[in-house]
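Predicted model only: the values in this text are computed from it and were never measured.
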Amino acid sequence: MRLETFALSTKELQRVAVISECVRGRRAWASPRRLPEPLRRRILTLARTRYLGSNDHHLAEKLGEVEGLSLSRETLRRLLRAARL
């Protein structure tokens, strides 16, 4: 059996590395813009207790005005839906 060698560009080599990691079942890197986990837990706790029953828009406003937490309605919506709230 004859082995062949291939020349890969840096970009192609990075793709091979990412695909290899996925095949091995390793998770992708978290987004650098992702909310820190303690902040995510705090927001969810507030949504389940103090602001229970508030809609996404009202909750986003209250988090900004009262709690000093500035985040978009869409970010809040995704966070709440992921937690099934």
Side-chain angles (χ1 to χ4, degrees):
M1 184 163 132
R2 192 174 131 213
L3 298 175
E4 293 184 46
T5 58
F6 296 95
L8 299 176
S9 68
T10 305
K11 190 172 184 176
E12 291 169 328
L13 193 56
Q14 287 174 340
R15 285 181 185 160
V16 169
V18 169
I19 292 170
S20 297
E21 293 294 316
C22 290
V23 168
R24 289 186 198 130
R26 295 193 178 143
R27 294 293 181 202
W29 297 273
S31 169
R33 290 176 272 161
R34 181 181 173 101
L35 291 175
E37 192 57 36
L39 180 58
R40 295 167 66 86
R41 285 194 303 264
R42 181 174 174 212
I43 291 169
L44 291 174
T45 300
L46 288 169
R48 289 181 180 126
T49 56
R50 185 178 298 169
Y51 301 111
L52 183 66
S54 297
N55 63 32
D56 300 348
H57 184 86
H58 186 248
L59 179 57
E61 285 180 355
K62 286 298 181 184
L63 288 175
E65 293 171 3
V66 178
E67 305 297 332
L69 302 173
S70 178
L71 63 152
S72 71
R73 282 193 340 239
E74 183 59 25
T75 299
L76 178 62
R77 186 191 72 76
R78 280 194 302 264
L79 178 62
L80 295 174
R81 297 309 175 275
R84 299 186 184 239
L85 292 178

By salt bridge (Lys or Arg N to Asp or Glu O under 4.0 Å), Arg78 pairs with (sequence neighbours left out) Glu74

Quick one: does Ser20's side chain have a donor or acceptor within less than 3.5 Å of a partner on Val16's backbone? yes

Residues in side-chain hydrogen bond (donor to acceptor under 3.5 Å, both in side chains) contact with Thr10, at least two apart in sequence or another chain: none

Rounded distance [0.5 Å steps], CG in Leu80 versus CG in Leu76: 4.5 Å

Just jot down the side-chain hydrogen bond (donor to acceptor under 3.5 Å, both in side chains) partners of Arg48, sequence neighbours excluded, or say none. none

Look at Arg24 together with Glu21 and state whether they make a salt bridge at an N to O cut-off of under 4.0 Å. yes

CG of Leu79 to CG of Leu44: how many Å apart, nearest 0.5 Å? 4.5 Å

Output the distance between atom CD (Gln14) and atom CD1 (Ile19), rounded to the nearest 0.5 Å. 12.0 Å

Closest non-hydrogen atoms of Leu71 and Thr75, given as atom of the first, atom of the second and distance, are CD1-CG2, 4.1 Å

Can you check whether Arg77 reaches Arg73 side chain to side chain, under 4.5 Å on heavy atoms? no

Could you give the distance from CZ (Arg34) to CG (Leu39), rounded to the nearest 0.5 Å? 11.5 Å

Between atom CG of Leu59 and atom CD1 of Ile43, what is the distance when rounded to the nearest 0.5 Å? 8.5 Å

Could you walk me through whether Arg81 and Asp56 satisfy the side chain to side chain contact (heavy atoms under 4.5 Å, CB included) test, starting with their C-alpha distance in whole Å, then the side-chain angles of each, then the deciding distance to 0.1 Å, before giving a yes or no? CA-CA 10 Å; Arg81 297 309 175 275; Asp56 300 348; 2.8 Å; yes

Please round to the nearest 0.5 Å and tell me the distance separating atom CG of Leu46 and atom CZ of Arg41. 13.0 Å

Option among Glu67, His58, Lys62 that satisfies the side chain to side chain donor-acceptor pair (under 3.5 Å) test with Tyr51: Glu67

